[in-house]
Amino acid sequence: MKDAISSLVQKQRNYFYSGETKSISFRKNQLTALKEAIRNYESDILEALKKDLNKGEYEGFLTEIGFLYSELKDMIKNVDYWATPKKEKTPISSFGGKSFVYKEPYGVTLIIAPWNYPFQLAIAPLIGAIGAGNTAIIKPSELTPNTSVVIRELIATTFPEKYIAVVEGDVETSKVLLDEDVDYIFFTGSTEVGKKVMEAASKHLTPVTLELGGKSPAIIMDDANLKLAAKRIVWGKFLNAGQTCVAPDYILIHEKKRRKFLKLLTYYTKKWFGNEALKKRDYPKIINEKHVERLINLIDEEKVFYGGGFAQEQRFIEPTIMMDVTMDDPVMAEEIFGPILPIVTFEHPFEIVDIVRKRPNPLALYLFTESKDHEQFILSNLSFGGGCVNDTVMHLSTPYLPFGGVGASGMGSYHGKNSFDTFTHEKSILKQTTSFDLPIRYSQTKTSLSTLRKMWE
Ligand code: NAD
């Protein structure tokens, strides 16, 4: 395997050096080809998602395909402008010169994807890699084998492997890929594996983007519109059975509003999933037995307010709401990544800051409030990747906002222009005139020194 992978990387490097991937019209043609390929493969993609995760057609299109069309449209429309060298100011110390920033692709890029949105999270970074003029090797998740096959076929029938290739395989394959001296690594997955990816990247000093996870709180202040908060949280939490990196992980709610809010959460959960979510045709499965068992162990029956049921063999867990949860409960110890929603209460906003700061920086944070002061207080005191005020999850569906984590939830960002920037090296060039040569930098006189001081201070 190692030899085959080394030879693939070499093949892509040779192709990159041919310069073909850098032409803007080439990039646009490839992005258009990718769009057409996705359209042609839509039913295969949806079928594979159904097999791997029991995702229904609506959810599959909404979260895995539709978003990619919007990203492709944005990249095709703007890549000419984004790729144009930008003229910058030149300081007086370089009088006579002109300054430019050239947008240079890195070269051979490696994209490692997880299983929870197995199609979208493999292809969205690819749009950035192509738009910026790179070649790419995609390693889909081994836990969603049907989607992995569709990705391989779609890519193989659309692009030559010297340009874009898919390498299927498990952790060992991923490690072999990471041993290669590629020019950029874009990894989406868990924080634990993210650390290993960064360690591997450090051997070649390869730049990385790490899109990781974390415990993302939904904070409900006493002045929040509770009805809308409940509706939007139930949607964001139970989408993909809670297996979403930016799902609200837990709720922090003002003590006074807890009772009313629990009723509303139950109302919307029942409304969308009925009394028998486990029998619902399109209710997503938990990815594997290991995760089913992990999640079942997080459910404390005594604290279950709603749900709590599961069908272990079929890998279904009911949307479950837990109340009176404390920060010491096992469900608060790690990212849940499943359909379990714990409710923690607070009395004073300072407690929120304390709770969130004691944990690693979350990938997302959702604040529900009608007050500008509350908004200001939370946004200015807490560090997290990104989020919403009065909504959940939707901040990642826009091409106009950078999406990424901070600290333990990741580094770097993408979507829209940020995808282009992520896969682009900014090469700064100062072009100096040859018509004259100011003597100041060479002469070591006191007068020159004082002139330099005046210029810079
Ligand atoms: P994971 O880290 O286990 O696996 C991700 C990828 O890394 C897979 O392709 C896998 O084969 C590979 N991998 C696993 N172990 C490896 C190792 N030791 N060395 C090299 N490669 C290895 O993640 P997952 O379970 O597939 O996904 C769930 C996690 O991903 C959650 O923590 C979730 O929050 C996070 N996530 C983040 C985002 C985001 O955009 N920030 C999106 C989706 C998921």
Side-chain angles (χ1 to χ4, degrees), residues 5 52-53 63-64 67 71 110-125 128 137-145 147-148 151-152 166-180 182 185-203 206 208-216 236-237 239-249 286-288 290-292 294-295 334-338 360-365 384-387 393 395-397 401-415 418-419 422:
I5 285 176
D52 286 331
L53 287 150
T63 61
E64 303 251 17
F67 169 74
E71 285 282 303
L110 170 62
I111 296 167
I112 301 179
W115 52 263
N116 61 333
Y117 290 89
F119 187 72
Q120 196 249 103
L121 292 172
I123 304 297
I137 298 171
I138 305 172
K139 209 300 270 168
S141 173
E142 67 280 19
L143 300 185
T144 37
T147 312
S148 179
I151 295 173
R152 173 167 51 78
V166 172
V167 175
E168 289 185 281
D170 58 10
V171 176
E172 288 316 309
T173 310
S174 197
K175 285 181 180 166
V176 174
L177 283 163
L178 286 167
D179 275 343
E180 289 295 323
V182 296
I185 299 171
F186 189 103
F187 171 80
T188 308
S190 60
T191 300
E192 279 325 297
V193 177
K195 288 177 190 169
K196 292 177 185 157
V197 169
M198 197 160 171
E199 200 181 324
S202 74
K203 288 198 194 104
T206 309
V208 290
T209 291
L210 300 177
E211 294 283 341
L212 312 177
K215 274 187 103 54
S216 303
K237 175 70 187 187
L239 194 69
N240 201 22
Q243 301 168 111
T244 303
C245 56
V246 286
D249 186 278
I286 304 304
I287 187 66
N288 59 24
K290 192 181 99 189
H291 282 284
V292 174
R294 178 183 66 80
L295 288 165
E334 55 177 90
E335 180 186 15
I336 298 170
F337 224 59
N361 290 340
L363 179 59
L365 182 145
F384 51 93
V393 178
H395 65 294
L396 75 64
S397 68
L401 288 175
F403 174 72
V406 59
S409 53
M411 62 181 68
S413 62
Y414 73 135
H415 291 182
N418 298 281
S419 293
T422 286

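Indexing begins at 1, ligand by ligand and atom by atom, following the structure's order.
Contacts of Val246 with ligand 1, taken as heavy-atom pairs under 4.0 Å, are absent altogether. Neither the backbone nor the side chain of Thr244 comes within 4.0 Å of ligand 1, counting heavy atoms alone.
No side-chain heavy atom of Cys245 sits under 4.5 Å from any side-chain heavy atom of Glu211. Between Glu199 and Leu178 the shortest side-chain heavy-atom distance does not fall below 4.5 Å. For the pair Pro125 and Tyr414, the minimum side-chain heavy-atom distance is below 4.5 Å. Considering only heavy atoms from C-beta on, Phe403 comes within 4.5 Å of Val246 through its side chain. Between Ile287 and Ser141, the closest side-chain pair of non-hydrogen atoms is not below 4.5 Å. Residues Lys215 and Ile336 have side chains in contact (heavy-atom distance under 4.5 Å, counting atoms from C-beta outward). When side chains are defined from C-beta on, Glu180 counts as touching Ile5, because their heavy atoms get closer than 4.5 Å.
Closest to atom 13 (N) of ligand 1 among all protein heavy atoms lies Val193 CG1, 3.7 Å. Atom 10 (C) of ligand 1 has as its closest protein heavy atom Glu142 OE1, 3.6 Å. Protein heavy atom nearest atom 23 (O) of ligand 1, with residue, atom name and distance: Ser190 N, 3.4 Å. The protein non-hydrogen atom at the shortest distance from atom 19 (N) of ligand 1 is Lys175 CG, 3.8 Å. Looking only at heavy atoms of the protein, atom 7 (O) of ligand 1 is closest to Phe187 CE1, 3.3 Å. If you check which protein heavy atom lies closest to atom 5 (C) of ligand 1, you get Thr188 O, 3.7 Å. For atom 41 (N) of ligand 1, the nearest non-hydrogen atom of the protein is Leu212 O, 2.7 Å.
Nearest-residue assignment for atom 30 (O) of ligand 1 (options Pro125, Pro114, Gly385, Gly189; heavy-atom criterion): Gly189. Looking at Gly213, Cys245, Ser216, it is Cys245 that brings a heavy atom closest to atom 39 (C) of ligand 1. Of all the listed residues (Ser174, Ala122, Ser148, Ser413), Ser174 holds the heavy atom that lies closest to atom 12 (C) of ligand 1.
Counting the atoms of ligand 1 from 1 in the order shown, those under 4.0 Å from a heavy atom of Trp115 are 24 (P), 25 (O), 26 (O), 27 (O). Interface atoms of ligand 1 facing Phe403, defined by a heavy-atom separation under 4.0 Å, are 40 (O). Residue-ligand proximity, Glu335 to ligand 1, at heavy-atom distances under 4.0 Å covers atoms 31 (C), 32 (O), 33 (C), 34 (O). Under a 4.0 Å criterion applied to the non-hydrogen atoms of Glu211, ligand 1 contributes the atoms 37 (C), 38 (C), 39 (C), 40 (O), 41 (N). Each of the following atoms of ligand 1 lies closer than 4.0 Å to a heavy atom of Phe337: 28 (C), 31 (C), 33 (C), 34 (O). Under a 4.0 Å criterion applied to the non-hydrogen atoms of Val171, ligand 1 contributes the atoms 14 (C), 15 (N), 16 (C), 17 (C), 18 (N). Within ligand 1, counting atoms from 1 as listed, the ones closer than 4.0 Å to a heavy atom of Leu121 are 42 (C), 43 (C). Every atom of ligand 1 with a heavy atom of Ile112 under 4.0 Å away is listed here by number and element: 6 (C), 7 (O), 9 (O).
Here the OG1 atom belonging to Thr188 is positioned 13.5 Å from the OH atom belonging to Tyr117, to the nearest 0.5 angstrom. Put simply, CD1 on Ile111 and CZ on Phe187 are 13.0 Å apart, with the number rounded to the nearest 0.5 Å. Distance check, rounded to the nearest 0.5 Å: CG of Leu53 to CD of Glu64 gives 7.5 Å.
Contact analysis puts Ala113 in contact with ligand 1, with a non-hydrogen atom separation below 4.0 angstrom.
Judged as a salt bridge (Lys or Arg N to Asp or Glu O under 4.0 Å), and not counting sequence neighbours, the contacts of Glu172 are Lys175. Not counting sequence neighbours, Lys196 has no partner by the salt bridge (Lys or Arg N to Asp or Glu O under 4.0 Å) test.
The shortest heavy-atom contact between Ala201 and Val208 is CB-CG1, 3.5 Å.
Polar contact check, Thr191 against ligand 1: no nitrogen or oxygen pair lies under 3.5 Å apart.
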